[in-house]
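Keep in mind the model is a prediction, meaning the values are calculated, not measured. Order of listing sets the numbers, starting from 1, for every ligand and every atom in it.
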Amino acid sequence: MSAITVAHMQDTCLPISIGGAYRASDGPEIDCYDPTTGQVWCRISDCTDAEVDAAVTAAGAAMRDPVWRDITQSQRGLLMQRLAEIPEQNIDRIAEIEVKDNGKLLREMRALAQALPVGLRYFAGMADKIEGTTIPVNKPDMLNFTVREALGVIGVIIPWNSPLYMMVRAIAPALACGNTVVVKPSEHASAGAVAFAEMVTEAGFPDGVFNVVTGYGHSAGNALITHPGIAKIDFTGGPATGRVIARNAADTLTPSSLELGGKSPHVVCDDADLDAAANGVVAGIFAAAGQTCVAGSRCFVQETVYEEVVARIVEKARAIKIGDPRRDDVQLGPLALWSQVEKVAEFVESAKSQGATLAFGGGRPEGLGDGWYVEPTVFTDVTNDMRIAREEIFGPVLAILKFSDEDDLLQQANDSDFALASGIWTQNINRALRFMRRIEAGMVWINTYRSPSVMSPVGGFKASGYGKHNGFAAIEEYSRIKTVVIDYSGAQQDAFVMRINK
Ligand code: TXE
């Protein structure tokens, strides 16, 4: 049974994990803050280039080692099944570690911890179903088929909002395909990934298959994305970093999948169940304090029901209980970073100065000590050209806009740099499906919101990035196709003419 708890990590500098063993880093220390108190609770190291190199080298060696290279697909799946049992037996411990690091609701982090074994088992089941195809190439006595194989060492860079959930949705398909991984968690929330390394070892994975290096993006992260031993980068984070990774990929030709931010439209039509819709809108933005890439931060309400829907949303926002994320009755915890508190304040000022109406919130609640809390905030009279409607805030700030008809809605909703998620509340199936076809978004939720499944692909378009997590699409992300051609005719080939299909 694994043992690392919050108490073990408190006031210590967390180790890194290279080649199946924990070790101390030689890099300078970084403070990690508990957002509920604003105080340092543990430290991590900013790994040196040599340590990142050692991690990639260990992962590369594991890739070539017959212990991992020649393991059967079913055995790989069994190892992953065994790994799934460990987080399953440690839900509370994992959730407590992550709440300490990012301040999200304990209930939310528990739900995300419960999703870890589900994700591991889903991809474990796929490990021995990854197949090639046989292709009838119109040539007699010729066999043409494909095999799907691992890419190599995957560099996984994850953010602070849902660290282990985002890590597992990357590493589970990567391991199922037979890759090895080096994870660089966010400098703001590394504890979960460090604790997870112990579970991978306990499950019996060969040394070097899973490695964790910690540190800042510009140092340890940069050393990872520029390392020649990396076969692919899997990145979830902000668009600015996504662009750095894409630029580097242009130089090194290292493929990447990028899940970046969003400014997702969440639509309420006049024929919707208005209370269910208002609930959905409130949950879509204020759950996780708006710190999710799919947050429904741009709410479009049809003009005929605008006043009524706004009133319901404000009433529900007013009723939200803010406080210690470990309490079961609390609905809104602190923001994970002090810089996010400042970012929200800056957007509140910008929205006011651009003419939006502050309908609720906009400040910091009293009586919650030094925790990084902000009020649920609702702006009305927002237009699509305002910064609050165009830029990702990643906080509990809802911008409400008006639309007249479907053409007006689609024109405004699609007028965005981002295209990650979307949602619509309507009881008219024709309208819902027309929206589904015309909206530019990687995900469309109809009469629901924020309902992901490990079986269903997730990923955006435009500035929200490219590539997919979850579903069989993820297997395609972490494997490559090799084509094999066999001539069994026994005939001599004309050495000077290509045997092209006619
Ligand atoms: O992201 P960063 P931050 C959005 C959200 C937020 C903004 C900034 O709008 O306000 O991004 O958040 C690593 N080379 N999202 O600053 O910097 C970094 O160490 C290699 C959306 O936290 O992109 C961390 O591990 N790595 C989002 C990871 O990238 C680098 C989730 C994410 O950090 C690097 C989080 C570099 N040059 C923020 N620079 C989502 N899509 O869910 C940074 N990193």
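Here the options are I16, N211, V56, T214, the test is side chain to side chain contact (heavy atoms under 4.5 Å, CB included), and the partner is E51; only I16 passes.
Ranking protein heavy atoms by distance to atom 1 (O) of ligand 1, first place goes to G238 N, 3.8 Å. The shortest contact between atom 36 (C) of ligand 1 and any protein heavy atom is with G217 O, 3.3 Å. Protein heavy atom closest to atom 13 (C) of ligand 1, with residue, atom name and distance, is I157 CG2, 3.6 Å. What sits closest to atom 21 (C) of ligand 1 on the protein, heavy atoms only, is G237 O, 3.5 Å. In this structure, the protein non-hydrogen atom closest to atom 4 (C) of ligand 1 is E392 OE1, 3.3 Å. The closest protein non-hydrogen atom to atom 29 (O) of ligand 1 is F235 CE1, 3.2 Å. Protein heavy atom in closest approach to atom 20 (C) of ligand 1: G221 C, 3.3 Å.
Using a 4.0 Å cut-off to heavy atoms of C293, the atoms of ligand 1 that qualify are 40 (C), 41 (N), 42 (O). Applying the 4.0 Å criterion to heavy atoms of K343 picks out, from ligand 1, the atoms 6 (C), 9 (O), 10 (O). Within ligand 1, counting atoms from 1 as listed, the ones closer than 4.0 Å to a heavy atom of S186 are 24 (C), 25 (O). Taking a cut-off of under 4.0 Å to the non-hydrogen atoms of Q340, the atoms of ligand 1 that pass are 6 (C), 10 (O). In summary, the atoms of ligand 1 found under 4.0 Å from a heavy atom of P159, numbered by their order in the structure, are 31 (C), 35 (C). Taking every heavy atom of E187 and a limit of under 4.0 angstrom, the matching atoms of ligand 1 come to 18 (C), 19 (O), 24 (C). Contact atoms of ligand 1 toward N222: 14 (N), 20 (C) (distance under 4.0 Å to a heavy atom of the residue). For ligand 1, the atoms closer than 4.0 angstrom to any heavy atom of I158 are 24 (C), 25 (O), 28 (C).
Judged purely by atom type and a 3.5 angstrom limit, Y449 uses its side chain to pair as donor or acceptor with the backbone of V294. Distance alone, capped at 3.5 Å, is enough to place a donor-acceptor pair between the D46 side chain and the Y216 backbone. Put simply, the side chain of Q354 never gets that close to the backbone of V382: no donor and acceptor are under 3.5 Å apart. A donor-acceptor pair is defined here as one N or O able to donate and one able to accept, closer than 3.5 Å; no such pair exists between the side chain of E29 and the backbone of C13. In this structure, the side chain of W68 engages the main chain of N179 through a donor-acceptor pair within 3.5 Å. Side-chain N or O atoms of Q340 include one that pairs as donor or acceptor with a backbone N or O of F394 at under 3.5 Å. Side-chain atoms of Y22 come within 3.5 Å of backbone N or O of E198 as a donor-acceptor pair. Within the 3.5 Å criterion, the main-chain N or O of Q331 finds no donor-acceptor partner in the side chain of K321. Looking at Q291, its side chain does come within 3.5 Å of a backbone N or O of A336 through a donor-acceptor pair. Using modelled atom types, no side-chain atom of K343 and backbone atom of G395 make a donor-acceptor pair closer than 3.5 Å.
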Side chain to side chain contact (heavy atoms under 4.5 Å, CB included) between R387 and E346, worked out: CA-CA 11 Å; R387 280 187 63 214; E346 200 240 313; 2.9 Å; yes

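Residue contacts with ligand 1: T236 is placed with no nitrogen or oxygen under 3.5 Å of a nitrogen or oxygen of the ligand (distance criterion only). Considering backbone and side-chain atoms together, V244 places no N or O closer than 3.5 Å to any N or O of ligand 1. At least one N or O atom of W160, backbone or side chain, sits closer than 3.5 Å to an N or O atom of ligand 1. No N or O atom of T292 sits closer than 3.5 Å to an N or O atom of ligand 1.
Under 4.0 Å from ligand 1, the heavy atoms of E259 that appear belong solely to its backbone. At a heavy-atom distance under 4.0 Å, no atom of A240 approaches ligand 1. At a 4.0 Å heavy-atom cut-off, ligand 1 touches L260 through the backbone alone. Residue-level proximity to ligand 1 for L224 is absent, since no heavy atom of it falls below 4.0 angstrom.
Ring-plane geometry between H188 and W160 is classed as perpendicular, the angle between the planes exceeding 60 degrees on a 0 to 90 degree scale with a lower cut at 30.
D53 and H227 share a donor-acceptor pair across their side chains, judged by distance under 3.5 Å alone.
Within a 4.0 Å radius of atom 40 (C) of ligand 1, the protein contributes at least one heavy atom. Within a 4.0 Å radius of atom 16 (O) of ligand 1, the protein contributes no heavy atom.
Counting heavy atoms from C-beta outward, F196 and L83 have side chains that approach closer than 4.5 Å.
Atom CE of M455 is surrounded by 12 or fewer heavy atoms from other residues, nucleotides or ligands within 6.0 Å.
Nearest-residue assignment for atom 2 (P) of ligand 1 (options V183, T214, T241; heavy-atom criterion): T241.
Heavy-atom distances between P185 and ligand 1 reach below 4.0 Å in at least one pair.
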